[in-house]
Number of protein chains: 2
Amino acid sequence: MTKKRITLADIAKKTNLSSITISRAFSYPDKVNPETLEIVLKAAAELNYIPNRAARSLKSHQSKIIGIVNPNMSNPFFGQITREMVMKCQEQGYDVLMFDSYELAEFETKAIQNLIEFSVDGIILSTISSDVDYQPTYFDSLKNSDIPVVLLDREIEGDHAGVYIDNLDSAYQIGQYIAKRHAKTQRIDIIGASAISMVSNNRIAGFRAALYDYDIAVHHADFEMQLAYEKAKSLLDEDSYNRVFVGLNNQITLGIIKAIIENGLKPQIDVVVYSIDDVPYSDVFGINIPCMTHNLSEMAFQAVNMIIRLINGEQLNDSKVIIRGILNTPKSGLV
Amino acid sequence: MTKKRITLADIAKKTNLSSITISRAFSYPDKVNPETLEIVLKAAAELNYIPNRAARSLKSHQSKIIGIVNPNMSNPFFGQITREMVMKCQEQGYDVLMFDSYELAEFETKAIQNLIEFSVDGIILSTISSDVDYQPTYFDSLKNSDIPVVLLDREIEGDHAGVYIDNLDSAYQIGQYIAKRHAKTQRIDIIGASAISMVSNNRIAGFRAALYDYDIAVHHADFEMQLAYEKAKSLLDEDSYNRVFVGLNNQITLGIIKAIIENGLKPQIDVVVYSIDDVPYSDVFGINIPCMTHNLSEMAFQAVNMIIRLINGEQLNDSKVIIRGILNTPKSGLV
DNA sequence: CTGAAAGCGCTAACAA
DNA sequence: TTGTTAGCGCTTTCAG
C-alpha cells in the first residue's frame with residue numbers, strides 16, 4: 001500500500017477551486033483574493049499538504065535553490081561561512097543544497113553534476129584547489145545549463161565572478177607586524193600550499209613585500225594539516241633554536257603547532273607562530289596566535305548577494321569582491 | 001536567450017531511437033541491446049546530456065536520494081560520520097542531500113520539510129536534542145509521505161529505527177577506568193547535557209554504576225561548549241584543588257579544558273579530565289584525554305545499511321543497532 | 001529488445 | 001480574481 005501524497009488537485013477538490021488557484025496561493029499569494037487565500041491555506045494545513053519540488057521545478061525551470069560546494073566543512077573557515085550563507089539564502093527565499101567535496105576532485109565534480117541535475121538557480125563554489133593549472137571540466141556544463149557560479153575564497157584561472165580575500169594585503173599586514181617584532185637576522189619559515197597555488201603565492205608575495213630584507217624560507221605543503229606538520233617537524237628536528245613559523249592557513253598552522261608541541265617545545269615561547277586565518281580551538285588550549293582574520297559574515301553576504309544578482313540576470317560589471325583582512329593580535333604580551 | 005537543456009528527446013532524435021530506449025539506457029542498461037547502449041551513451045556524451053532529476057522523480061516516485069540531517073557538522077563526531085555515510089551511500093547508488101540544523105529546531109524542521117519536498121527515499125537523522133520531551137512535529141508528515149527514517153546517535157521517544165551508542169556501557173567502561181585511578185574520597189564532577197536528555201542520562205547512569213561508592217556531582221549543561229565552560233569555570237573558581245572532571249561529550253570536554261587553562265591550571269596535571277568521545281585537536285595541542293571512542297565507520301555503515309533496507313521495504317524486526325564504545329587511554333603515563 | 005501512449009504535479013500563457 | 005489548456009522531461013504500462 002503506497003500512500004499517495006496530497007497534491008494541489010486534492011486541495012482544489014476540497015475547496016471547490018481550480019488547482020491553478022491553489023498553486024497561486026502558494027507561489028503568488030498577492031495574486032489571490034485574501035479570503036480565498038485563507039481558505040486554501042486552511043485546507044492545505046488540514047490535509048497536511050507538502051509541495052512537490054520536482055513538479056514545480058520541472059515546469060517553472062527555476063528551483064529557488066542555491067548550491068554551495070565546499071572543500072572541507074570541518075574547517076571552521078568554511079563551516080562558519082557556509083552557515084552564514086545558508087541563513088542569508090533563506091532570508092532571500094532560497095533553499096540551499098550543500099555539498100562537501102572532501103578536497104577530492106571526484107566529489108567536487110559529482111557535486112556540481114548533482115546541482116545541475118537539480119536545476120539549481122546558482123552555485124557558490126570553493127574549489128578544492130587554487131592551483132593555476134586546476135581547470136575543472138564542469139564549467140562547460142554549467143555554461144550550457146545557464147547556471148551562474150560565484151567562486152568563494154579559492155580563486156582559479158578564468159573569467160569567474162567571485163568573492164575573495166585580499167591575500168596579498170593580508171600577508172603584507174601581518175608581515176609588517178612580524179617585522180616590528182623580529183630582528184632581520186632572524187630566519188622566518190613560511191609554510192604554504194603548492195608552489196602553483198594562486199592563493200598561497202599571493203600570500204607569499206605579501207610577506208616578501210613586507211619582509212623584503214628578511215631571511216625568509218618558503219616551504220610548500222597544501223592547505224591541510226598533515227603535510228605542514230611533517231614539514232615543520234623535520235625543520236624542528238634539524239634545529240629548533242629561535243625559530244619563527246608562519247602558517248598560510250589555519251590547517252597549516254595547526255600542523256606547525258602539533259610539531260612544536262610534539263618536540264617538547266612551547267608555542268610562542270620557544271618557537272613563535274603566526275597565521276593567516278584564525279586557528280581553531282587555539283583559545284580553548286590557551287595558545288595565542290597572532291593572525292589575519294577575515295570578516296566571514298561579510299564574505300557570506302557578498303557571495304549570496306552576488307549569486308542572487310547573477311540569478312536575476314544582472315550584468316555585474318565588477319564581478320570580483322575583495323575582502324580585506326583584519327590583524328588580530330593577542331592582548332596579552334605573550335609574543 | 002535561455003539555453004535549453006539537452007533532453008532524452010534530443011538524444012532520441014540524434015540516434016533515431018525513441019526516447020524510452022534512451023531512458024532505459026540510463027536506468028536499466030541491461031534491458032537494452034549492448035550495441036544500442038553504446039550508441040546512446042556516445043550520443044549522450046557528445047551532446048553533453050545531463051538528466052533532469054525533477055522529471056525523473058516526478059514520474060518514478062523514487063529519487064535515489066538519501067537525506068542526512070545533523071545538528072552540527074563542525075562537531076567532528078558528526079562531520080566524520082557524515083563523511084563516511086556519504087561515501088557509503090554513493091557506493092550503493094544513492095546521492096545524499098545533507099543538511100545542518102545548527103542545533104536549531106527551526107532549521108531541523110525546515111530540513112526535513114525540504115527533504116520531503118525533494119521526495120528523498122529515506123532520511124538519516126540526528127536530532128538537535130535527545131530530551132525525553134523533544135517531540136518534533138514532522139514525524140507525521142514523514143509517515144504520510146512514506147519516507148523511512150533512521151535515527152543516529154541521538155535517541156528520542158517513540159518507535160524509531162536507529163543506530164545508537166551504548167551510552168550506559170560506554171560510561172561504565174570509562175567509569176571503571178576512573179575507579180582504578182582515583183581514591184573513593186576524591187570528588188568527581190560530571191558535566192552533561194540537560195537533566196532530561198536520554199543520551200546524557202544513560203551516560204550518567206553508567207558512571208554511577210561504575211562509581212557507585214564515589215562522591216559524584218552531576219552538573220547539567222548541554223552538548224555544546226559554552227555552558228560547560230561556564231560551569232567548569234565556576235567550579236574551579238570555587239576550588240581547583242585535586243579536581244576530576246568528566247565531560248559527557250567532546251564539546252563539553254572542550255569547555256572544561258578551556259576553563260582549566262584559563263584558570264592557569266594544567267590539564268591532567270593540576271586537574272584530571274576524562275571524556276566521552278574523542279576531543280578534537282587535543283592531540284595537536286598535546287593534551288591526552290582518556291576517553292570512550294566509537295567506531296564511526298561502523299555506525300555509518302549500520303545507518304546506511306538500515307535505511308536502505310527500510311527503503312527496500314524490508315521489515316526490520318530488530319530496528320535498533322547499538323554500537324559499543326572502545327576505551328582509549330593514552331600510552332604515555334600522564335594520567 | 002524496442003516503441004506508443006499516457007501521465008506524474010505543477011505552473012506559463014492565455015482567456016473569462 | 002479565477003479557470004482552461006497545455007506541456008515541462010521523464011518513465012510506467014502495455015504492445016509489438
Side-chain angles (χ1 to χ4, degrees), chain A residues 2-41 43-44 47-65 116-121 144-146, chain B residues 2-41 43-44 47-65 116-121 144-146:
Chain A
T2 312
K3 285 162 200 153
K4 59 145 219 315
R5 241 162 76 165
I6 304 296
T7 72
L8 288 189
D10 295 317
I11 304 179
K13 203 173 299 167
K14 187 181 167 98
T15 56
N16 282 321
L17 291 159
S18 73
S19 41
I20 181 63
T21 302
I22 318 293
S23 168
R24 276 195 277 256
F26 290 106
S27 298
Y28 309 98
D30 37 314
K31 285 192 185 300
V32 140
N33 186 319
E35 288 166 27
T36 315
L37 181 62
E38 203 179 335
I39 294 170
V40 172
L41 262 27
L47 291 174
N48 222 316
Y49 169 68
I50 293 191
N52 184 326
R53 261 220 158 70
R56 182 194 297 224
S57 73
L58 178 58
K59 180 67 199 180
S60 70
H61 260 275
Q62 59 147 0
S63 53
K64 279 286 174 184
I65 298 170
I116 300 178
E117 292 182 11
F118 279 116
S119 313
V120 298
D121 295 336
N144 284 336
S145 312
D146 230 18
Chain B
T2 312
K3 285 161 200 152
K4 58 148 219 314
R5 242 162 77 164
I6 304 297
T7 71
L8 288 188
D10 295 318
I11 305 178
K13 201 175 299 168
K14 187 181 167 98
T15 56
N16 282 322
L17 290 158
S18 72
S19 43
I20 179 60
T21 303
I22 317 294
S23 167
R24 273 195 279 254
F26 290 106
S27 298
Y28 309 98
D30 38 312
K31 284 194 185 301
V32 141
N33 187 318
E35 288 167 26
T36 316
L37 182 62
E38 202 178 336
I39 294 170
V40 172
L41 261 27
L47 291 175
N48 221 315
Y49 170 68
I50 293 190
N52 184 325
R53 261 220 159 73
R56 182 193 301 224
S57 74
L58 178 58
K59 183 66 198 181
S60 70
H61 261 275
Q62 59 146 1
S63 54
K64 279 287 176 185
I65 297 170
I116 300 177
E117 292 183 11
F118 279 115
S119 313
V120 296
D121 295 336
N144 284 336
S145 311
D146 230 17

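These numbers come from a predicted model, not from an experiment. So that the names make sense, note that chain A is the first sequence line, chain B the second, and so on, each numbered from 1. When reading the values below, keep in mind they use all heavy atoms of this one structure, side chains included, and skip hydrogens, waters and symmetry mates.
Rounded to an integer number of Å, the gap from B:Ile6 CD1 to D:dC10 P is 10 Å. A straight line from OH of A:Tyr28 to P of D:dT2 spans 17 Å, rounded to a whole angstrom. If you measure from atom CG of A:Asn52 to atom P of C:dC10, you get 6 Å, rounded to the nearest angstrom. As a whole-Å value, the separation of A:Asp10 CG from C:dC10 P is 9 Å. Atom CD1 in A:Ile116 sits roughly 17 Å away from atom C1' in D:dG9 (whole-Å rounding). In this entry the distance linking CD of B:Glu38 with P of C:dC1 reads 15 Å, nearest Å. Atoms CZ (A:Phe118) and P (D:dG9) sit 17 Å apart, rounded to a whole Å. Rounded to a whole Å, the CZ atom of A:Arg24 is 11 Å from the C1' atom of C:dC14.
Among the nucleotides D:dG3, D:dT2, D:dT11, the one closest to the side chain of A:Ile20 is D:dG3. Taking the side chain of A:Thr36 as heavy atoms from C-beta on, and the options C:dG3, D:dT2, D:dT12, the nearest nucleotide is D:dT2. When the nucleotides C:dT11, D:dG3, D:dC10 are ranked by their closest atom to the side chain of A:Leu8, C:dT11 comes out on top. Side chain of B:Lys59, nearest nucleotide from C:dC8, D:dT2, C:dT11: C:dC8. Checking C:dG3, D:dG3, C:dC10 against every side-chain atom of B:Thr21, the shortest atom distance belongs to C:dG3.
Residues A:Ile11 and A:Leu47 meet the side-chain proximity criterion, which asks for heavy atoms closer than 4.5 Å.
None of A:Lys64, A:Arg56, A:Arg53 except one satisfies the salt bridge (charged side-chain N to carboxylate O under 4.0 Å, His left out) rule with B:Glu117; the exception is A:Arg53.
In this structure, B:Ala55 and B:Leu17 both approach DNA chain C, and ranking their closest nucleotides by distance from the 5' end singles out B:Leu17. Checking B:Ser19 against A:Arg56, the closest nucleotide of DNA chain C that is more toward the 5' end is the one next to B:Ser19.
The heavy-atom pair separating A:Arg5 from A:Ile50 by the smallest distance is NH2-O, 3.8 Å.
Among the atoms of the strands shown, none is found under 4.0 Å from any heavy atom of B:Ser57. If you check every strand for non-hydrogen atoms under 4.0 Å, A:Phe26 touches nothing.
A tilted orientation is assigned to the rings of A:Tyr49 and A:Phe26, their planes being inclined by 30° to 60°.
A close approach under 4.0 Å does not occur between any side-chain nitrogen or oxygen of A:Ser23 and OP1 or OP2 of C:dC10. For the OP1/OP2 pair of C:dC10 and a distance below 4.0 Å, the side-chain nitrogens and oxygens of A:Tyr49 include at least one atom meeting the criterion. The side chain of A:Ser18 contributes an N or O atom lying less than 4.0 Å from OP1 or OP2 of D:dG3.
Counting heavy atoms of neighbouring residues, nucleotides and ligands inside a 6.0 Å radius, atom CD of B:Glu38 does not exceed 12 of them.
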